[in-house]
Chemist: 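Starting off with a structure, shown below.
Counting convention: from 1, in listed order, for ligands and their atoms alike. Hydrogens, waters and symmetry mates play no part in the numbers below; they use all other heavy atoms, side chains included. Heads up: numbering here begins at 1 and tracks the sequence.
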Amino acid sequence: MANLGSSRDGFTSKFGVIAAAAGSAIGLGNIWRFPYVLGNSGGGAFLLMYLFFIIAFGVPVMTSELLIGRKAQKNVFGAFKSLAPNRPWYLVGTMGVLAAFLILSFYSVVAGWTLEYVYLAITGSLSGTPDDINNIFDAFMGDNFWPYFWTIIFLFLSALIVLGGVKNGIEKYTKILMPLLFVLIIVLDIKALTLPGAGKGVDFLFNPDFTKINGGVILAAMGQAFFSLSIGMGVIATYGSYIPKSQDLGKTAVSVSLTDTLIAILAGIAIFPAVFAFGMEPDQGTGLVFKVLPNIFNQMTGGIVFSIMFFVLLTIAALTSSISLLEVIVAYLSEEFAIKRSHAIWATTLVVSFLAVLCVYSTKVFDNFDFFSSSVLLPLGGVLIVLFVGYVLKRSDVRAELEAHGKPVFWFNIFYFIVRYIAPIAILFVFLHGIGIV
Ligand code: TRP
C-alpha cells in the first residue's frame, strides 16, 4: 500500500491500486471472521444474505467511496471538507477514525493468534488428533503471556510498515503473495472436499435453512459485508483519490468485491467440509479456523510446509489490512492536528495496544468492539456515504466522475436510484431491525 497520508504521487500501476484496495479488503475478515460468523449463524442462509448485501449495498457503497475520494483528490476528511465546505460531513471521517481504533484493537488480537500459529507450525506442534488441536487453541487462549505478546508484536509490525511508508515494498509483495494465498486456499479446498464425510459441510454452506434467520443474523450478514470490503469508514475513499481518471470506478469496485467474496467463499469451502469430516461443530465461535485448519494440514503430505506457508501468508494478509486501518488514524491526526506522522504513529500504536490488551483480557470487550464497529459504525457510515453521493453532490457531477474514463456507464441510473433511495433506507432498516427497534 502507498504511504497514503503524506504524498499524492499515486500508484505505479493500475493494478497497483486494485492490489492495494484488495490488500485492505482481503484479510482476517475473509478467512477468520466470515467462517466463524457464518458457522454461528446457521450456514447457507447466511451466505445467501451476505452475497445479497455485497451486491446490493457493498458495490454501490464502494463505488460511492471511490468517487468521493477521486473527485476531491484528498483523503476522507479533506474530501468531505472540500466537497461540502462548512458542513459537518467530515464527521463521517471522524466516525471512521473511531471505527478504525476499535477494529484495529480486536483485529490485532486475532492477528496475534495467527503469529502464534506460525510459531506452532514451524516447531511442528500443530499435530495430533482433532481433540489435541482443540486443546492447543484453548490452552493458548488461557495463557497469561503469549496472547498479549503476539498482539503487541503485530501492532509493532504494522507501525513499522506505516512508519517506513513502504509504498513500493508492499505493493510489490502483495501482488505476488496474495495470489499465493489464493492457491494455498484452493489446495486446502481440494483436500477438505475429498475428506470422508465432507458432503455435510458442503450442505451446511450451500443449502440454506431459512429457519435460522432472524434480525440479528441479517444484521450480522450486513456487518460482515461491510467489514470484509473495508467500506463504510472512508478507507476506500482514500484509495480512490489515488486512482487515475482513466480508470472505471464501477469496474474497480466490482473487481475488488468479487475477489474479496471469492476468497471468503473459498475459505468456507475449506473449513466447513472439514468441520463435519472431523466431527466438530460449526458454531465454535472465534476459534473456528484455528481449530479446524490444522487438522486438514495434518492429513496432507508435506502438511507442515503448507501450514507454515499458510499462517505466514495469513499474517501478511492481516498486515495489509491493519496498515490501512492504522493509516486512517495517522492521516487524521497528522493532517487535522498537524502532528508529525511518526508521533501520530507511535501515539496511535500505544493507545491501540492498550485497547487490544483489554480485548485479550476480556472476550466481552472483544465482542463489543467487534459488534459496535462492524454492525453499527460501518453501516451508519455507509448510509451517510450514499446519502452524500445521492443528495449533496450534483447528479451531473456524480455521472461525470463515473464516466471520467471516457465511456458512458450503462448502469448509472440503477446506481443512482440505489444510492438515493434503496441503500439508505434498507441499510437503516436492517440496522434498526437487527438491534430490535423495528
Ligand atoms: N476488510 C479487512 C478484512 O477483511 C479488514 C479491514 C481493513 C477493514 N480495513 C478496514 C474493515 C476498514 C473495515 C474498514 O480483514
Side-chain angles (χ1 to χ4, degrees), residues 1 4 19-38 50 53-54 57-58 61-62 65-66 69 75-76 92-114 154-155 158 161-162 170 174 178 181 185 221-240 253 256-257 259-268 286 289 313-332 348 352 369-382 384-385:
M1 190 183 81
L4 294 179
S24 165
I26 297 165
L28 298 172
N30 307 63
I31 291 159
W32 158 73
R33 200 176 186 281
F34 172 76
Y36 114 67
V37 179
L38 184 138
Y50 173 71
F53 288 130
I54 294 277
F57 309 148
V61 172
M62 189 183 284
E65 276 200 42
L66 289 171
N75 82 54
V76 56
V92 177
T94 317
M95 252 168 66
V97 170
L98 178 60
F101 267 108
L102 298 178
I103 295 175
L104 202 48
S105 303
F106 71 84
Y107 205 81
S108 324
V109 174
V110 182
W113 302 348
T114 316
F154 180 81
L155 274 168
S158 308
I161 295 174
V162 174
I170 297 289
T174 44
M178 289 306 105
L181 177 64
I185 297 174
M222 186 168 80
Q224 175 59 24
F226 277 78
F227 184 90
S228 193
L229 295 179
S230 300
I231 55 176
M233 55 180 271
V235 177
I236 297 291
T238 307
Y239 285 107
V256 173
S257 307
T259 314
D260 187 74
T261 306
L262 186 66
I263 302 242
I265 293 177
L266 289 174
T286 53
V289 177
L313 289 170
L314 186 55
T315 305
I316 294 169
L319 273 172
T320 59
S321 300
S322 67
I323 56 181
S324 81
L325 290 160
L326 187 53
E327 183 62 45
V328 180
I329 305 173
V330 170
Y332 174 69
T348 307
V352 175
F369 277 21
D370 185 342
F371 176 80
F372 189 65
S373 52
S374 317
S375 296
V376 180
L377 290 174
L378 297 183
L380 292 183
L384 293 172
I385 285 162

Chemist: Of all residues at least two apart in sequence or in a different chain, which pass the side-chain contact (heavy atoms from CB on, under 4.5 Å) check with Ala264?
Modeler: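 Applying side-chain contact (heavy atoms from CB on, under 4.5 Å) to Ala264 gives Asn30, Phe34, Tyr50.
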Chemist: Please find the pair of heavy atoms, one from Ala25 and one from Val256, that lie closest to each other, and give the distance.
Modeler: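 Here Ala25 and Val256 meet closest at CB-CG1, 4.3 Å.
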Chemist: Fit a plane to each ring of Trp32 and Trp113, take the angle between them on a 0 to 90° scale, and name the class: parallel (under 30°), tilted (30 to 60°) or perpendicular (over 60°).
Modeler: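 Aromatic pair Trp32/Trp113 classed perpendicular.
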Chemist: Does the pair Leu319 and Phe154 meet the rule for a side chain to side chain contact (heavy atoms under 4.5 Å, CB included), with working shown?
Modeler: CA-CA 8 Å; Leu319 273 172; Phe154 180 81; 3.6 Å; yes
Chemist: So, do Val92 and Leu380 sit near enough that their side-chain heavy atoms are less than 4.5 Å apart?
Modeler: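 The answer is no; the side chains never approach within 4.5 Å.
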Chemist: For ligand 1, what is the set of protein residues having any non-hydrogen atom at a distance below 4.0 Å?
Modeler: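 Protein residues near ligand 1 are Ser24, Ala25, Gly27, Leu28, Gly29, Asn30, Ile103, Tyr107, Phe227, Ser228, Ser230, Met233, Val235, Ser321, Ser324, Leu325, Leu378.
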Chemist: Counting distance only, does the side-chain N/O of Tyr107 pair as donor-acceptor with the main-chain N or O of Leu102 below 3.5 Å?
Modeler: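 Checking the backbone N and O of Leu102 against the side chain of Tyr107, no donor-acceptor pair under 3.5 Å is found.
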